[in-house]
2 protein chains.
Amino acid sequence: MSVKKSSHGPISKLVRKMRKHALLTQNELAELAGVGKTLVFDLENGHENIRFENLRKILQVLNIQISFSAPQIEDVKPAKVRK
Amino acid sequence: MSVKKSSHGPISKLVRKMRKHALLTQNELAELAGVGKTLVFDLENGHENIRFENLRKILQVLNIQISFSAPQIEDVKPAKVRK
DNA sequence: TCTATTTTACTGGAATAACGGTAAAATAGA
DNA sequence: TCTATTTTACCGTTATTCCAGTAAAATAGA
């Protein structure tokens, strides 16, 4: 799939930066992660609508940690979701 | 889709826990996040193969932060990916 | 410049996530 | 128990990710 967005999200830049530092080509990263090369290309170019599992595979190769943090339960209420 | 896995991942449990504390039903959470109810159900039941964008929408409603952290660039090298 | 590598880009088709609808369990409250 | 709510579950259809293949730019190195 071709990429429409011209503004690259934070993940895009992080992935590209880390891949460069790891001295990997897009194809190599794709192979190590077990995904298609198109996926790596799209991800680096702002196409963040990717399966979570595939994103995890790629980030794992690059030693990028994903963490989830929840606030204190007293504060929990539906957040304002911006359209 | 039906869920095969009986072992629920950490995200599953976190989502369910936070949803409960927010006093939301699965349907309400789905509506607030703008996704289908099946998606919330599947997520809470260990089906983590979900689109990253949809996961983000759900976590946003529950005030769960996603963060990415990269090690020092000197340490960056392809990680051992376990099959 | 010449050449090889890499990146960017597009395509068709296969795989599958996501959806609403429906309904049966499970749960909670009166 | 009775009732309403919620959760769990399955289904068919639709939408879209994902893939390999291909090729054209862009880049780097000799």
- prompt: CD of Glu31(A) to CG of Leu29(A): how many Å apart, nearest 0.5 Å?
  reply: 10.5 Å

Arg19(B) side-chain N/O to dT6(D) phosphate OP1/OP2 under 4.0 Å: no

Between the protein and nucleotides 21-30 of chain C, list the N/O to N/O atom pairs that are separated by less than 3.5 angstrom.
| from | atom 1 | to | atom 2 | distance (Å) |
| --- | --- | --- | --- | --- |
| dG21(C) | N7 | Lys37(B) | NZ | 3.2 |
| dG21(C) | O6 | Lys37(B) | NZ | 3.1 |

field: Thr25(B) side-chain proximity, nearest of dA18(C), dC19(C), dT6(D)
entry: dT6(D)

task: Round to the nearest Å and state the distance from Glu28(A) atom CD to dT5(C) atom C1'.
output: 11 Å

query: Under 4.0 Å between a side-chain N or O of Asn49(A) and OP1 or OP2 of dT17(D)?
result: yes

task: May I ask you to evaluate whether Gln26(B) reaches the phosphate of dT8(D), defined as a side-chain N or O under 4.0 Å from OP1 or OP2?
output: yes

query: Are the charged groups of Arg19(B) and Glu44(B) less than 4.0 angstrom apart, N to O?
result: yes

- prompt: Which nucleotide in the set dC18(D), dT8(C), dT8(D) lies at the smallest distance from any side-chain heavy atom of Phe41(A)?
  reply: dT8(C)

field: Closest nucleotide among dA18(C), dT8(D), dC19(D) to the Asn54(B) side chain
entry: dA18(C)

- prompt: Rounded to the nearest Å, what distance is computed from the NZ atom of residue Lys17(B) to the P atom of nucleotide dT7(D)?
  reply: 18 Å

query: Among the nucleotides dT7(C), dT8(D), dC18(D), which one has an atom lying closest to any side-chain atom of Lys20(A)?
result: dT7(C)

query: So what is the 5' to 3' dot-bracket string for DNA chain D, if pairs are Watson-Crick or G-U wobble with both distances under 3.5 Å, crossing pairs use [ ] and | means the partner sits on another strand?
result: ||||||||||||||||||||||||||||||

